[in-house]
Number of protein chains: 2
Amino acid sequence: MHYKEVIQSIKERREILKVTQEALAELSGVGLRTLKQFESGKGNPTLHTLQKLADVLGMEVCVQVKNIIRNK
Amino acid sequence: MHYKEVIQSIKERREILKVTQEALAELSGVGLRTLKQFESGKGNPTLHTLQKLADVLGMEVCVQVKNIIRNK
DNA sequence: TATAAAAGAGCAGTATAATGCACTATAAAG
DNA sequence: CTTTATAGTGCATTATACTGCTCTTTTATA
């Protein structure tokens, strides 16, 4: 996942859950300004920030070896 | 994946590939000091830093919905 | 045990992430 | 068009990630 895909996955998930940026900021403890910047494609969030957002959205950050073949 | 697991996955992968911190730092463009700090459990890397390390190690950073059931 | 390679830590400077506040832009509803 | 809710931006400050340099500690090998 590249940078923009990471952004997209968070943003899409937030929208699916019908949570506003403001609510997500509140719930996650991330500053609203930070979230806005992030979702508008600016900046370079820290792992901690990413995890706080992911947690609230029922998501998780992972680092894994590529080309994992999953038996579908 | 929590913070320490992220660290571990990177560190383990580096060791499996028998790459030194110095070599990984060179190859990824991340400062050696940064990598050392990261692997010793200190700090809070940015997404960009994580991705540079993951790339070189044939890994990827992803953010996904939890509880994905994979058919093993 | 001596030596060398790799990993970890202290210090200090620079770059930038995180933040709040105030303002603007956009979109939906009336 | 007006109102309201949500999203995005400019500016300034603070905290901290990133970095290099140097030194110490640990680990492996002769």
Side-chain angles (χ1 to χ4, degrees), chain A residues 1-70, chain B residues 1-70:
Chain A
M1 260 183 150
H2 289 35
Y3 179 69
K4 294 203 170 180
E5 292 172 299
V6 170
I7 294 179
Q8 258 317 99
S9 67
I10 297 261
K11 188 166 183 171
E12 278 174 14
R13 178 70 173 167
R14 180 179 65 76
E15 286 166 351
I16 286 170
L17 297 177
K18 301 202 189 306
V19 178
T20 64
Q21 289 179 339
E22 199 165 346
L24 177 55
E26 282 262 334
L27 292 167
S28 64
V30 170
L32 179 58
R33 195 58 175 62
T34 303
L35 177 58
K36 283 172 183 293
Q37 273 182 347
F38 172 60
E39 282 199 6
S40 57
K42 289 157 192 166
N44 176 23
T46 61
L47 176 56
H48 191 45
T49 295
L50 267 182
Q51 284 178 328
K52 284 192 289 190
L53 295 174
D55 277 354
V56 170
L57 296 171
M59 303 177 87
E60 69 169 347
V61 178
C62 61
V63 179
Q64 61 198 192
V65 177
K66 264 190 264 191
N67 302 321
I68 289 177
I69 288 141
R70 296 191 188 88
Chain B
M1 261 183 149
H2 293 314
Y3 180 69
K4 294 202 171 183
E5 293 172 298
V6 170
I7 294 179
Q8 259 316 99
S9 67
I10 297 261
K11 187 166 185 172
E12 278 174 14
R13 177 70 174 168
R14 181 178 64 75
E15 286 165 351
I16 286 170
L17 297 177
K18 300 201 192 306
V19 178
T20 63
Q21 289 179 338
E22 200 166 344
L24 177 55
E26 283 262 335
L27 292 168
S28 64
V30 170
L32 179 57
R33 195 58 176 55
T34 304
L35 178 57
K36 284 172 184 294
Q37 275 182 345
F38 172 61
E39 281 199 8
S40 57
K42 290 158 192 164
N44 175 24
T46 60
L47 176 57
H48 190 44
T49 295
L50 265 184
Q51 284 179 327
K52 284 193 287 189
L53 295 174
D55 276 353
V56 170
L57 296 171
M59 303 178 87
E60 69 168 349
V61 178
C62 59
V63 180
Q64 60 199 192
V65 177
K66 265 190 262 193
N67 304 321
I68 289 178
I69 287 134
R70 295 193 189 84

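Each chain gets a letter, A, B and so on, in the order its sequence line appears, and its residues count up from 1.
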Open item on the list: Is there, by distance only and without an angle test, a donor paired with an acceptor across the side chain of A:Arg33 and the base of D:dG10 below 3.5 Å?
Closed with: yes

Task: Length of the CD-P vector between A:Glu15 and C:dT26, whole Å - done: 17 Å

TODO: Could you please name the option among D:dT9, C:dA17, C:dA6 that lies closest to any side-chain atom of A:Lys42?
DONE: D:dT9

Task: For atom CG of A:Leu32 and atom P of C:dT19, their distance in whole Å - done: 10 Å

- [ ] Indicate, with a heavy-atom threshold strictly under 4.0 Å, whether A:Lys18 touches base, sugar-phosphate, or nothing.
- [x] nothing

Task: Spacing of B:Leu47 atom CG relative to D:dA17 atom P, expressed in whole Å - done: 15 Å

Task: Among D:dA7, C:dT19, C:dA9, the nucleotide that comes nearest once only the side chain of B:Lys36 is considered - done: C:dA9

Open item on the list: Using heavy-atom distances to pick each residue's nearest nucleotide on DNA chain C, tell me which of A:Leu50 and B:Glu39 is more 5'.
Closed with: B:Glu39

- [ ] Give a yes/no answer on whether the side chain of B:Arg14 brings an N or O atom under 4.0 Å of OP1 or OP2 in C:dA6.
- [x] no

Open item on the list: With a 4.0 Å cutoff (strictly under), does any side-chain N or O of B:Thr46 reach OP1 or OP2 of D:dC18?
Closed with: yes

Open item on the list: Looking at A:Glu5, I'd like to know if its CD atom is crowded, meaning that more than 12 non-hydrogen atoms belonging to other residues, nucleotides or ligands lie closer than 6.0 Å.
Closed with: yes

Open item on the list: Tell me if a side-chain donor or acceptor on B:Asn44 pairs with a main-chain N or O of A:Thr46 at a distance below 3.5 Å.
Closed with: no

Open item on the list: Check whether A:Glu60 reaches the backbone of B:Met1 with its side chain - one donor and one acceptor, N or O, closer than 3.5 Å.
Closed with: yes

Open item on the list: What is the distance, to the nearest angstrom, from the NZ atom on B:Lys11 to the P atom on C:dA6?
Closed with: 15 Å

- [ ] Taking only the side-chain heavy atoms of A:Pro45 (C-beta and beyond), determine which of C:dA18, D:dG8, C:dG8 contains the nearest atom.
- [x] C:dA18

- [ ] Compare the minimum distances between each of C:dG8, D:dG8, D:dT19 and the side chain of B:Thr34, then state the nucleotide with the smallest one.
- [x] D:dT19

- [ ] Output yes when at least one side-chain N/O atom of A:Ser40 is less than 4.0 Å from OP1 or OP2 of D:dT9, else no.
- [x] yes

Open item on the list: As a test of reading the structure: which of D:dA17, C:dG8, C:dA18 is closest to the side chain of A:Thr49, going by heavy atoms?
Closed with: C:dA18

Open item on the list: Measure CD/B:Glu22 against P/D:dG20 and give the value in whole Å, please.
Closed with: 11 Å

Open item on the list: Could you check whether atom CD of A:Glu26 has more than 12 heavy atoms from other residues, nucleotides or ligands sitting under 6.0 Å from it?
Closed with: no

Task: Distance, rounded to the nearest Å, where A:Gln21 contributes CD and C:dT24 contributes P - done: 19 Å

TODO: Tell me what A:Gly41 touches on the nucleic acid: a base, only sugar-phosphate, or nothing, going by heavy atoms under 4.0 Å.
DONE: nothing

Open item on the list: Just to verify, which of B:Val19, B:Val30, B:Leu27 counts as forming a side-chain contact (heavy atoms from CB on, under 4.5 Å) with B:Val56?
Closed with: B:Leu27

Task: Gap between atoms CG and P, on A:Leu35 and C:dC21 respectively (whole Å) - done: 17 Å

Task: Whole-Å distance separating the CD atom of A:Gln37 from the P atom of C:dC21 - done: 15 Å

